[in-house]
Novice: 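Before anything else, here's the structure in question.
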Amino acid sequence: MAFSKVTTKKLIEKKQKGLKIVTLTSYDYAFAKIVDDSKIDLILVGDSLSMVMLGHKTTLAVTMDEMIHHTKAVARGVTNALIVGDMPFLSYKVDIKDAVYNAGRFIQAGAEAVKIEGGTEILPIVNAMIGADIQVMGHIGLTPQAVYKFGGNLVQGKTTEAAKKLLIDAKNLEKAGVFSIVLESIPWQLAKLITKSVSVPTIGIGAGPHCDGQILVIHDMLGIYTDFKPKFLKYFGNIGAEIRKALASYKDEVEKGVYPDMEHSYDFPKEDLDKVNEWFESADLDAEAARAKAKKE
Ligand code: KIV
């Protein structure tokens with residue numbers, strides 16, 4: 001079956017049909033093209049790029065301008081997947097007008113929706129964005145922009161009160177009109193209840209098998225970013241090791257003069273080769289260079 005342009009409506013239909021939704025992050029043109037070719041439903045230009053692309057310790061450091069720069073690159077590589085821009089820290093909770101404006105910048109950069117972190121407390125922001133015709137993805141549970149409030153990257157929703165709050169948050173986000181909700185690092189039983197109670201798809205990361213879909217950070221699942229490994233993370237490849245192997249081989253061949261060989265070198269046209277060699281043997285290169293420079297001045 002031909003894989004065609006994914007829309008938020010199609011994702012909701014997938015949930016209704018009981019079909020799993022497969023999503024990943026991407027941050028640049030080359031990766032986005034491979035992910036899109038692999039028929040992944042949704043590509044999130046995640047603020048995780050702060051860590052995996054820019055080397056910061058948390059997601060808090062990445063700026064709007066950096067997110068927009070990467071969103072534009074991803075958009076150039078994608079034909080079918082739904083592109084979601086992840087709104088960074090300070091871009092939507094300070095002021096509602098700024099939130100809508102910043103969400104609009106993602107859309108102008110090529111995203112088709114934005115993701116924001118938070119529950120019931122951010123409903124006015126969600127309403128304003130949806131009021132401006134911008135599609136919104138929610139994100140509850142372990143919301144990494146609140147890492148210092150949580151005291152670390154800790155599993156959320158582990159008490160009755162916390163579980164009730166997350167169920168209510170999900171319901172409120174659904175009622176406000178989000179097209180999907182990311183559930184991050186919560187017990188699978190709670191994710192199952194949330195998934196059952198909302199009509200929009202839940203996309204889990206560290207939220208067990210009962211979510212409507214899954215998301216992983218692409219640099220994590222490929223074994224490229226290995227600074228830490230949460231319990232939920234499974235390596236689906238070891239591209240980091242493959243890259244190291246390739247680089248060692250490149251270094252070795254260059255050092256030994258094996259690369260580049262003639263197969264990877266350009267030939268000078270045969271008919272002129274003698275003329276160039278002749279000129280080279282007789283010319284005073286320093287004088288020729290000085291003459292060319294003086295002519296330019
Ligand atoms: O920034 C990100 O990559 C995310 C996903 C982990 C959901 O928010």
Side-chain angles (χ1 to χ4, degrees), residues 11 21-28 31-32 35 40-64 66-71 73-74 81-93 102-103 106 109 111 113-119 122 136-147 150 152-157 166 169-170 173 178-186 191 194-195 200-208 211-222 224-236:
L11 294 181
I21 296 166
V22 188
T23 86
L24 275 174
T25 66
S26 292
Y27 317 101
D28 62 22
F31 265 97
V35 172
I40 299 299
D41 291 304
L42 178 155
I43 293 178
L44 173 72
V45 187
D47 64 353
S48 47
L49 81 81
S50 178
M51 300 164 79
V52 304
M53 296 290 288
L54 305 180
H56 297 296
K57 289 273 177 280
T58 69
T59 61
L60 302 172
V62 70
T63 65
M64 263 306 290
E66 287 165 339
M67 291 300 301
I68 294 299
H69 174 78
H70 285 270
T71 302
V74 166
L82 184 82
I83 304 172
V84 179
D86 202 5
M87 296 198 64
F89 183 58
L90 293 184
S91 73
Y92 57 100
K93 286 185 180 168
N102 286 329
F106 273 98
V114 295
K115 177 171 82 59
I116 53 178
E117 296 182 4
I122 65 159
V136 180
M137 185 178 208
H139 183 164
I140 57 175
L142 172 58
T143 45
Q145 289 171 17
V147 60
F150 295 139
N153 290 313
L154 306 175
V155 177
Q156 299 297 304
L166 287 175
D169 283 344
L173 288 170
V178 301
F179 71 90
S180 174
I181 304 170
V182 170
L183 305 178
E184 180 163 350
S185 295
I186 61 172
I194 294 173
T195 300
V200 293
T202 57
I203 307 295
I205 173 164
C211 297
D212 299 302
Q214 296 294 325
I215 187 159
L216 283 175
V217 169
I218 193 159
H219 288 62
D220 288 347
M221 56 91 78
L222 292 178
I224 296 171
Y225 180 83
T226 52
D227 288 10
F228 69 89
K229 184 183 181 299
K231 174 180 162 69
F232 65 77
L233 176 61
K234 178 175 172 180
Y235 292 129
F236 286 84

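Ligands are counted one by one from 1 in listed order, and the atoms in each one are counted from 1 as well. One-based numbering along the sequence shown.
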Novice: Taking all non-hydrogen atoms of both residues, which atom of Ile215 and which atom of Ile205 are closest, and how far apart?
Specialist: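 Scanning both residues, the minimum pair turns out to be O-CB, 3.5 Å.
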Novice: Backbone or side chain, does any N or O of Glu184 fall under 3.5 Å from an N or O of ligand 1?
Specialist: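 Between Glu184 and ligand 1 (N or O atoms, distance only) the closest approach is not under 3.5 Å.
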Novice: Going by the atom numbers of ligand 1, which of them fall below 4.0 Å from some non-hydrogen atom of Gly46?
Specialist: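 That gives atoms 1 (O), 2 (C), 3 (O) of ligand 1.
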Novice: Does the side chain of Ser48 pick up a donor-acceptor pair with the side chain of Thr25 at under 3.5 Å?
Specialist: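 Result is no, nothing qualifies.
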Novice: Find the distance between OG1 (Thr202) and CG (Asp212) and round it off to the nearest 0.5 Å.
Specialist: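 Between atom OG1 of Thr202 and atom CG of Asp212 there are 4.0 Å.
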Novice: Please state whether Glu117 comes within less than 4.0 angstrom of ligand 1, counting heavy atoms only.
Specialist: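 Glu117: no contact with ligand 1 (<4.0 Å).
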Novice: When only distance counts, is Tyr27 in polar contact with ligand 1, meaning an N/O pair under 3.5 Å?
Specialist: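 N/O-N/O distance under 3.5 Å: no.
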Novice: May I ask you to identify, for Leu44, whether its side chain, its backbone, both or neither come under 4.0 Å of ligand 1 on a heavy-atom basis?
Specialist: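 Only the side chain of Leu44 comes within reach of ligand 1.
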Novice: Tell me, which protein residue and heavy-atom name are nearest atom 6 (C) of ligand 1, and how many Å apart are they?
Specialist: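 Here the nearest protein heavy atom works out to Ile205 CD1, 3.6 Å.
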Novice: Does a donor on one side chain and an acceptor on the other come within less than 3.5 Å for Gln145 and Tyr92?
Specialist: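 Checked: Gln145/Tyr92 side chains pair up, N/O donor to acceptor below 3.5 Å.
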Novice: Side chain, backbone, both or neither: which applies to Asp47 and ligand 1 if a contact is any heavy-atom pair less than 4.0 Å apart?
Specialist: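 Both backbone and side chain of Asp47 come within 4.0 Å of ligand 1.
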Novice: Is the NZ or CZ atom of Lys115 positioned over Phe106's six-membered ring, under 6.0 angstrom from the centre and within 45° of the axis?
Specialist: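 Pair Lys115/Phe106 does not count as cation-pi.
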Novice: Measure from NZ or CZ of Lys234 to the centre of the six-membered ring of Phe236, then state whether that distance is under 6.0 Å and the direction lies within 45° of the axis.
Specialist: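 Cation-pi check for Lys234 and Phe236: passes.
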Novice: Give a yes or no answer on whether the side chain of Thr143 reaches the backbone of Ala146 with a donor-acceptor pair at less than 3.5 Å.
Specialist: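 Absent.
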Novice: Which ligand 1 atoms does Thr25 reach within 4.0 Å, using its non-hydrogen atoms?
Specialist: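 Result: 3 (O).
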Novice: Under a 3.5 Å distance rule, please check whether Ser180 uses its side chain to pair with a backbone N or O of Pro201 as donor and acceptor.
Specialist: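 The answer is yes, because a donor-acceptor pair under 3.5 Å joins these two groups.
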Novice: Short list, please: which atoms of ligand 1 are under 4.0 Å from a heavy atom of Val217?
Specialist: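 Those qualifying, in numeric order: 3 (O).
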Novice: Quick one: which of Met67, Lys115, Met137 has a heavy atom closest to atom 8 (O) of ligand 1?
Specialist: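 Selected option, by shortest heavy-atom distance: Lys115.
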Novice: For atom 2 (C) of ligand 1, what is the nearest protein heavy atom, given as residue, atom name and distance?
Specialist: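 Nearest neighbour among protein heavy atoms for atom 2 (C) of ligand 1, to 0.1 Å: Ser48 OG, 3.3 Å.
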